[in-house]
Amino acid sequence: MLQNEENIKTWILNNTNRLSQNIITIPVVVHVVYYNNTENISDQQIFSQIDILNEDFRRLNSDTINTPAAFQSVAADTEIEFCLATRDPNGNPTNGITRTSTTQTSFSTNDGVKYSSSGGKDAWNTSKYLNMWVCDLSGGLLGYAQFPGGTASSDGVVCDYAYFGDIGTASSPYDLGRTTTHEVGHWLNLRHIWGDSNCGNDFCNDTPEHSGSNYGCPSYPSTSNCSGNGNAGDMFMNYMDYTDDACMNIFTNDQKNRMIAAINTSRPGLLTSDGCFNSDYGCTDPLAFNFSPIAIIDDGSCCYVSGCTDPTAFNYNPNACYDDSSCVASVLGCTNPTATNYDPIANTTVAYGGATDNSFGTGGYFNGDQHLLFDSYKECIIRSAIIYSEASNTITFELRDNSGAVLDDTTLNVIAGQQRIDLNFDVPIGTDLQLGVASGALQGDGLYRNNASANYPYDIASALSITRSSASGNGGANAYVYYYFYYDLEVEVPCLNSSNSSWDCDGQGNCYDPGTGNGAYSSLSSCQSNCVVPSWDCDGQGNCYDPGTGNGLYGSLTVCQSNCVVPSWDCDGQGNCYDPGTGNGAYSSLSSCQSNCVVPVTWDCDGQGNCYDPGNGNGAYSSLSSCQSNCVVPSWDCDG
Ligand SMILES: [Zn+2]
């Protein structure tokens, strides 16, 4: 929380010009989760809510005139707009609305509505979309929101179906859509205007201090005893108070700055989201997996490789750009039946996991002693990990038990920047094991750590689970959003006492020990460097082949074959040969086409009684004789 506030403050200071430059448009998906038909609100009611958001955030609301003169000078057009998504996370066309029938009669603030597993609806990629769930909330709750920096899968706002939009089921006095305006304010890091305490701080200088929340519609001015409450009294008409919808009409400039800063620091994915991409653009090739039947202009996004796109899955296909729901979870263990620690459930002896890299949330180099905590369910070895060092340095990396006693360590010379380091830590079965560095090791130069948006737990092939970090700030909440030092961990369960280790490639890019001793490779590393996902290229002669590099253009042989046609040529009637791309051209070789593709001889009259061939096949006469009989010398007579 404090770090978050620092980031926001720093961003605002460094971007005073940026604050009034561009309109930011946020793609929205509305998930209607309904128990009965009444709760299944209409598209029109959803449209009315999006319209209200665009009016309120752009200060185009019809009731700006109700803002008291004393507050008019701080009233803001936030330059934030909202659009219902036109593309879903798979790139397919959408109206930005999902509808889910549920057996849950109502939901609470426990986020049940945000997961299919609890009768709700899973979020769309929360870094690209503002997810809004509309359902029956129990206990008279109007709505609630998640602040920036929380768990990704539950990010968004929830609103009761009776307080969404301004038609249909919208119910007085919360029937003008301001509940959602308020919740989206929270989602963009705005605090309640009274700072949630008596004369509390909402981190905005242009809002007066309030002694508490307001309800109904107070008479102006409504003053309090707070020292920061002036003659104009409470700004009870601010969207971040609790007054009736008809009484609200203002965001302030400082609230605007906080929201713009929150988007740029905590939600930057919204700035590049293609969620509202013009649907005239898309993949226009019917053979591609993401073909858009409504796209008119091809935007180069066509994807021909389907497969598992989850990097942690056993059958991850690095070439796949379209997920076909085929992902199989990795299960780490010894796969050799002759080994003493053979695990019949395991499908891989090596797995990778943890945060993939440091590109999420925010963060920086850190000089203190902090660590990750994890549980281990199998004896295994942490082979290596990626780190980011501020400078070249000598660092002792440590694996410790849950009391902080060192179980294994290694001292390495690291270079500045990103690198994979070998650790070879022997991990016993245990809980709350610590992965950190020796005390004081980073005092001079730090290692990178993220201070927002970590997504615990990080499961590594059912062998390890990184559960949290040692960060203690923000009432303990930082433990679940900070992530320290160790990225993309490589974990192995070596087979023990195996009589005959050898490896084969499974044809999907993974190595396994067949247990027979007859595998094609004698070492795992030699297998891995030769074992690539099958892919296909067209050889230009109508044949598909696997280049063996994993980098073929097509992920499926069928798709390759339908795109890979024998070259053929047609004559364009103007003396030029071209390949129609269908395999059906009249000539099978370019030379035979060219020798047959000549401009037909035609004739035109030159107006002086002579016939000539214009050379382009477009003459008016197809034979010389017909031209000559029509082509006469002009002559004149006097009419007397
Ligand atoms: Zn609130």
Side-chain angles (χ1 to χ4, degrees), residues 1 4-5 8 26 28 49 52-53 56-57 61 76 78 80 82 107-111 113-114 130-151 154-165 170-171 173-204 206-218 222 224 226 234-252 254-259 261-263 266-267 474-475 477:
M1 179 59 211
N4 200 7
E5 285 304 327
I8 296 265
I26 298 177
V28 176
Q49 181 63 68
I52 290 162
L53 287 171
D56 289 353
F57 278 77
N61 43 309
T78 71
I80 298 169
F82 303 84
F107 291 92
S108 70
T109 54
N110 70 359
D111 288 341
V113 73
K114 300 175 180 176
L130 163 53
N131 283 258
M132 291 185 184
W133 288 268
V134 179
C135 63
D136 186 9
L137 284 171
S138 57
L141 185 64
L142 306 184
Y144 70 99
Q146 181 169 310
F147 280 86
T151 303
S154 59
D155 191 47
V157 305
V158 182
C159 192
D160 190 284
Y161 75 97
Y163 311 112
F164 196 78
S171 307
Y174 307 111
D175 55 349
L176 296 178
R178 262 74 192 251
T179 297
T180 302
T181 299
H182 175 106
E183 300 307 338
V184 173
H186 283 317
W187 182 76
L188 291 174
N189 212 27
L190 294 191
R191 301 276 144 180
H192 285 137
I193 193 162
W194 67 99
D196 292 309
S197 64
N198 184 20
C199 308
N201 185 3
D202 68 349
F203 303 103
C204 291
D206 59 3
T207 55
E209 282 182 13
H210 286 211
S211 58
S213 54
N214 290 288
Y215 293 90
C217 197
S222 174
S224 81
C226 299
D234 284 1
M235 193 187 282
F236 57 81
M237 71 296 306
N238 191 283
Y239 296 120
M240 300 315 291
D241 206 329
Y242 271 169
T243 42
D244 291 349
D245 280 7
C247 208
M248 295 178 155
N249 50 55
I250 181 175
F251 281 126
T252 70
D254 283 356
Q255 287 177 322
K256 168 189 178 177
N257 293 348
R258 285 178 61 78
M259 291 194 279
I263 291 170
S266 298
R267 304 189 183 284
N474 197 16

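Just so you know, residue 1 is the first one in the sequence shown, and it goes up from there. For ligands, and for the atoms within them, numbers begin at 1 and follow the listed sequence.
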Q) Would you say the side-chain atoms of D241 pair up with the backbone N or O of N214, donor to acceptor, closer than 3.5 Å? A) yes
Q: Only protein N/O/S atoms count here: give how many lie under 2.8 Å from the Zn ion (ligand 1).
A: 3
Q.
Taking D245's backbone N and O only, do any of them form a donor-acceptor pair with R178's side chain (distance below 3.5 Å, no angle check)?
A. yes
Q. Do any N or O atoms from the side chain of T243 and from the backbone of F236 form a donor-acceptor pair under 3.5 angstrom?
A. yes
(Q) Going by the rule ring-ring contact (aromatic ring centres under 6.0 Å, His included), which residues pair with Y242 if we only count those two or more places apart in sequence or in a different chain? (A) H182, H192, W194, Y215
Q. Aromatic rings F82 and F57: how do their planes relate, parallel, tilted or perpendicular, breaks at 30° and 60°?
A. perpendicular
Q | Check: R258 side chain, N189 main-chain N or O, donor-acceptor pair, under 3.5 Å | A | yes
